[in-house]
Amino acid sequence: KFADILTRRKIENERDMDALTQLYHKDVVRHTVNETLALSAFHDCALMFLDVDNFKHFNDTFGHAAGDAILKYIADSIRQGCPDIATVGRYGGDEFIAFIPEIDDVQQVRDIAQRILDLVTDRERCLRITDVPDCPSLSIGIAIYPKAGHSYNELVQAADKILYEVKNHGKNNYMVYGDTGITMIK
């Protein structure tokens, strides 16, 4: 029955989506990445690891409802900043993950990262959407397949490593893990 199909899809959707942000759970992203990499021998792909800078400040200063509003705002900004073909998920807490299965070059990924940062740090947009007087920022680590790794785990490890370099160099920025190590992009 059609009603049974709709019910099953609703259950699957609820299982696969983070209730707060309406982004995929990290396991869905992992599955998508693994399936895509198995088919992507001729395409470069990008995995972004995104972390909210100083998120504890929002919870401590404005309360957990404001923290939740910030997480929803960040999720929306990432979704808007990424191309439609991307798979975007909540990794956990204040960490997010985005996978772009086909990229033309690193500049395309730089543009996506910058668009996300611009959306997140737009003060008027932030206040209008969250009603929180402080605007968050993000640090983004980027790993490019196949240079930074050949599996989901390798790409996440590379993106996470470079993310912490961003954090150590002032936050609110992005960096790409290069084939010869860490390369500053911005």
Side-chain angles (χ1 to χ4, degrees), residues 5-6 8-52 71-92 94-122 125 129 136-163 166 172-179 183 185-186:
I5 293 170
L6 290 177
R8 188 175 70 243
R9 282 189 184 160
K10 182 178 179 191
I11 291 168
E12 288 171 355
N13 193 40
E14 288 172 358
R15 182 191 67 217
D16 292 344
M17 302 298 273
D18 176 69
L20 178 65
T21 63
Q22 293 303 299
L23 296 178
Y24 289 112
H25 289 296
K26 68 180 177 183
D27 290 338
V28 175
V29 178
R30 179 183 44 78
H31 180 74
T32 301
V33 170
N34 286 332
E35 279 190 339
T36 303
L37 295 183
L39 302 171
S40 291
F42 304 107
H43 296 286
D44 286 355
C45 304
L47 186 134
M48 295 180 159
F49 209 62
L50 308 96
D51 185 74
V52 182
L71 290 174
K72 289 180 198 176
Y73 172 73
I74 295 287
D76 181 63
S77 299
I78 297 168
R79 193 175 17 249
Q80 280 188 37
C82 284
D84 290 340
I85 195 170
T87 302
V88 180
R90 184 172 180 197
Y91 196 80
D94 64 342
E95 295 179 321
F96 299 86
I97 189 167
F99 178 68
I100 301 116
E102 291 182 16
I103 60 167
D104 297 324
D105 55 29
V106 174
Q107 185 58 48
Q108 178 186 6
V109 182
R110 291 178 193 157
D111 294 344
I112 292 166
Q114 188 59 56
R115 187 167 45 249
I116 293 168
L117 291 176
D118 291 345
L119 284 165
V120 168
T121 58
D122 180 334
R125 179 177 177 269
I129 293 172
S137 66
L138 282 178
S139 294
I140 305 173
I142 303 167
I144 306 293
Y145 166 87
K147 290 182 179 179
H150 291 88
S151 69
Y152 170 81
N153 289 338
E154 290 175 356
L155 292 173
V156 167
Q157 184 177 21
D160 189 44
K161 182 176 181 179
I162 200 70
L163 168 74
V166 174
N172 191 31
N173 206 339
Y174 61 90
M175 294 171 87
V176 174
Y177 189 92
D179 56 343
T183 307
I185 290 300
K186 190 175 174 188

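Between Cys45 and Thr36, the closest heavy-atom pair is SG-CG2, 4.4 Å. Considering every non-hydrogen atom in both Val109 and Ala46, the closest pair reads CG2-CB, 3.7 Å. Contact record, Leu117 with Asn172: CD2-OD1, 4.0 Å, taken as the closest heavy-atom pair. Phe49 and Glu95 get closest at one heavy-atom pair: CE2-OE2, 3.8 Å. Shown here for Leu138 and Leu50, the closest heavy-atom pair between the two residues is CD1-CD2, 4.0 Å. Taking each heavy atom of Cys82 and Ala98 in turn, the nearest pair found is SG-CB, 3.9 Å.
At a threshold of 4.5 Å between non-hydrogen side-chain atoms, the residues Tyr152 and Ile97 count as touching. For the pair Val156 and Tyr91, the minimum side-chain heavy-atom distance is below 4.5 Å. You'll find the side chain of His150 reaches within 4.5 Å of the side chain of Tyr145, heavy atoms only. Annotation: side chain of Met48 is not in contact with side chain of Ile78 (no heavy-atom distance under 4.5 Å). Residues Gln114 and Asp111 are not in side-chain contact: their nearest non-hydrogen atoms beyond the backbone lie 4.5 Å or more apart. Within the 4.5 Å cutoff, side-chain heavy atoms of Phe96 are placed close to those of Thr21.
Distance check: Arg90 CZ to Lys72 NZ gives 11.0 Å after rounding to the nearest 0.5 Å. The CG atom of Asp84 sits 12.0 Å away from atom CD1 of Ile100, with the distance rounded to the nearest 0.5 Å. Rounding to the nearest 0.5 Å gives a distance of 7.0 Å between CG of Asp44 and NZ of Lys147. With rounding to the nearest 0.5 angstrom, the CG atom of Asn34 is 11.0 Å from the CG atom of Leu39. Interatomic distance, CD1 of Ile112 versus CD1 of Ile142, reported as 8.5 Å (0.5 Å rounding). Distance check, rounded to the nearest 0.5 Å: CG of Asp160 to CG of Asn153 gives 12.0 Å.
Judged by distance alone, the side chain of Tyr73 and the main-chain N or O of Val120 form a donor-acceptor pair under 3.5 Å. The backbone N or O of Leu119 sits less than 3.5 Å from a side-chain atom of Arg125, completing a donor-acceptor pair. Using a distance-only test at 3.5 Å, with no hydrogens or angles considered, a donor-acceptor pair links the side chain of Gln108 to the main chain of Asp104.
Under the 4.0 Å criterion applied to side-chain N and carboxylate O atoms, Arg115 and Asp118 are not assigned as salt-bridge partners.
The number of heavy atoms from other shown groups lying within 6.0 Å of CD (Gln157) does not exceed 12.
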